[in-house]
Amino acid sequence: MSHLKSTVRAIGSPINLVFCGLDFAGKTAMYIRLKTGKFVADLKPTLASTMDSISLKDEDGLLNATIIDLGGQEALRDQWEEYLGKSHAIIYVIDANDSSRFEESKAEFQKRIVPFISTIPCIIVCNKFDLLKAQRKSKDSSKLPQETEMTIKEALAVPDDSHFAILVASQKTGYGLPKVTRLLREMVMN
Ligand SMILES: Nc1nc2c(ncn2[C@@H]2O[C@H](COP(=O)(O)OP(=O)(O)OP(=O)(O)O)[C@@H](O)[C@H]2O)c(=O)[nH]1
Ligand SMILES: [Mg+2]
């Protein structure tokens, strides 16, 4: 993984994180979970983008971020570009439990995200892992995170030479979220 940083950031200043992805993917749920540690089940679609400050914590301390949570509905997607170019990292969220929308998510990823990810790191979040896991029921699910990563990487046709990481996560259970801070440190801060 390279460490390119296209957007200059003053030392110690917050990183700019942009959340994008299709409507209903779980962007707002993730931002709220990262900020408050809580899962909100009855969120309304985001129509006006939200800007907020969050503090992420890990064993290395605090990582301050200014986040932009964008709306994913079709009519709102043209707005993404304006924010993507100013970000230090992109969080692209996909509902990993809804394969009927993988094609649509791939088309938007290829059109709107790929042009940025040779220079801006991107964390692809395979969200709603709790729902995928529940479908496995009695079957062994130890390999499911790895399988999900592969499925989503292929579904989005992520270019091998791009600056990305894939994270399997659930906003409901919190699965995967402790890795976010470390990934951001590795991808943006180093
Ligand atoms: N079970 C489960 N539900 C989730 C998860 N993440 C989000 N949801 C639910 O999915 C629905 C959509 O989540 P949002 O966060 O509003 O989706 P969004 O991507 O912000 O959607 P837009 O604002 O329209 O772009 C909500 O009912 C959430 O509670 C998850 O990991 N697991
Ligand atoms: Mg939202």
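Start at 1 and go down the list; that is how both ligands and their atoms are numbered. Residue indices begin at 1 and follow the sequence shown.
- Residue Gln73 has no nitrogen or oxygen atom sitting less than 3.5 Å from a nitrogen or oxygen atom of ligand 1, judged on distance alone.
- Other residues, nucleotides and ligands place more than 12 heavy atoms under 6.0 Å from the CD atom of Gln110.
- Taking atom 7 (C) of ligand 1 as the reference point, the nearest protein heavy-atom neighbour is Ala29 CB, 3.5 Å.
- Polar contact with ligand 1: present for Lys128 (N/O pair, distance under 3.5 Å).
- In terms of N/O distances under 3.5 Å, ligand 1 is approached by Lys27.
- Grouping the Ile, Leu, Val, Met, Phe, Trp and Tyr side chains by contacts below 4.5 angstrom, directly or via other members, places Leu132 apart from Met30.
- In terms of polar-atom proximity, Phe24 is counted as a contact of ligand 1, with an N or O under 3.5 Å from an N or O of the ligand.
- The protein atom (non-hydrogen) at minimum distance from atom 6 (N) of ligand 1 is Asn127 ND2, 3.1 Å.
- Residues Ser100 and Asp98 have side chains that bring a donor and an acceptor to within less than 3.5 angstrom of each other.
- At least one heavy atom of Phe39 sits closer than 4.0 Å to an atom of ligand 1.
- Partners of Glu149 by salt bridge (charged side-chain N to carboxylate O under 4.0 Å, His left out), not counting sequence neighbours: none found.
- With a 4.0 Å heavy-atom cut-off, ligand 1 is reached by the backbone of Val40 but not by any atom from C-beta on.
- Here is the list of ligand 1 atoms found below 4.0 Å of a heavy atom in Gly71: 25 (O).
- Using a 4.0 Å cut-off to heavy atoms of Lys172, the atoms of ligand 1 that qualify are 1 (N), 30 (C), 31 (O), 32 (N).
- Ligand 1 has an N or O atom lying under 3.5 Å from an N or O atom of Ala25, backbone or side chain.
- In this structure, the protein non-hydrogen atom closest to atom 26 (C) of ligand 1 is Ala41 O, 3.8 Å.
- Short contacts between ligand 1 and Leu131, defined as distances under 4.0 Å to a heavy atom of the residue, involve ligand atoms 1 (N).
- The single protein non-hydrogen atom nearest to atom 13 (O) of ligand 1 is Gly26 CA, 3.7 Å, given as residue, atom name and distance.
- Close contacts of ligand 1 with Ser170, meaning ligand atoms under 4.0 Å from a residue heavy atom, involve 31 (O).
- Considering only non-hydrogen protein atoms, atom 32 (N) of ligand 1 sits nearest to Asp130 OD1, 2.7 Å.
- Counting only distance, with no hydrogens or angles, the side chain of Thr36 and the backbone of Lys38 share a donor-acceptor pair below 3.5 Å.
- Of the possible donor and acceptor atoms, none in the side chain of Arg112 sits under 3.5 Å from a partner among the backbone N and O of Glu81.
- Contacts with ligand 1 closer than 4.0 Å are made by backbone heavy atoms (N, CA, C, O) of Leu22 only, the side chain lying farther away.
- Under a 3.5 Å cut-off, the side chain of Arg136 and the backbone N or O of Leu144 do not form any donor-acceptor pair.
- Checked by distance only, ligand 1 and Gly21 stay at 3.5 Å or farther apart across all their nitrogen or oxygen atoms.
- A salt bridge between Asp58 and Lys179 is absent, with no side-chain N of the basic residue lying under 4.0 Å from a carboxylate O of the acidic one.
- Note: the hydrophobic cluster containing Met150 does not contain Ile124 (ILVMFWY, side chain heavy atoms under 4.5 Å, direct or indirect links).
- For the residue pair Thr28/Asp69, the side-chain donor-acceptor check at 3.5 Å is satisfied.
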- Task: Would you sort out whether Lys27 and Asp95 count as a salt bridge (Lys or Arg N to Asp or Glu O under 4.0 Å), showing the intermediate values?
- Result: CA-CA 10 Å; Lys27 301 177 291 297; Asp95 181 345; over 6 Å; no

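- Of all protein atoms, those of element N, O or S that lie under 2.8 Å from the Mg ion (ligand 2) number 2.
- Both Ile94 and Phe116 are assigned to one and the same hydrophobic cluster, defined by single-linkage of ILVMFWY side chains at heavy-atom distances under 4.5 Å.
- Within a 6.0 Å radius of NZ in Lys35, more than 12 heavy atoms belonging to other residues, nucleotides or ligands are found.
- With no hydrogens or angles considered, no side-chain donor-acceptor pair links Asp130 and Thr173 at under 3.5 Å.
- Listed by number with element, the atoms of ligand 1 under 4.0 Å from a non-hydrogen atom of Gln171 are 6 (N), 30 (C), 31 (O).
- Heavy-atom proximity to Pro45, at under 4.0 Å, picks out these atoms of ligand 1: 23 (O), 24 (O).
- On a distance-only criterion, Leu43 and ligand 1 share no N/O pair closer than 3.5 Å.
- Distance alone, capped at 3.5 Å, is enough to place a donor-acceptor pair between the Trp80 side chain and the Gly71 backbone.
- Note on Arg101 versus Glu108: no salt bridge recorded, every NZ/NE/NH1/NH2 to OD/OE distance being 4.0 Å or above.
- Considering every non-hydrogen atom in both Val168 and Pro145, the closest pair reads CG2-O, 3.4 Å.
- Nearest to atom 23 (O) of ligand 1 among the protein's heavy atoms is Thr46 N, 2.7 Å.
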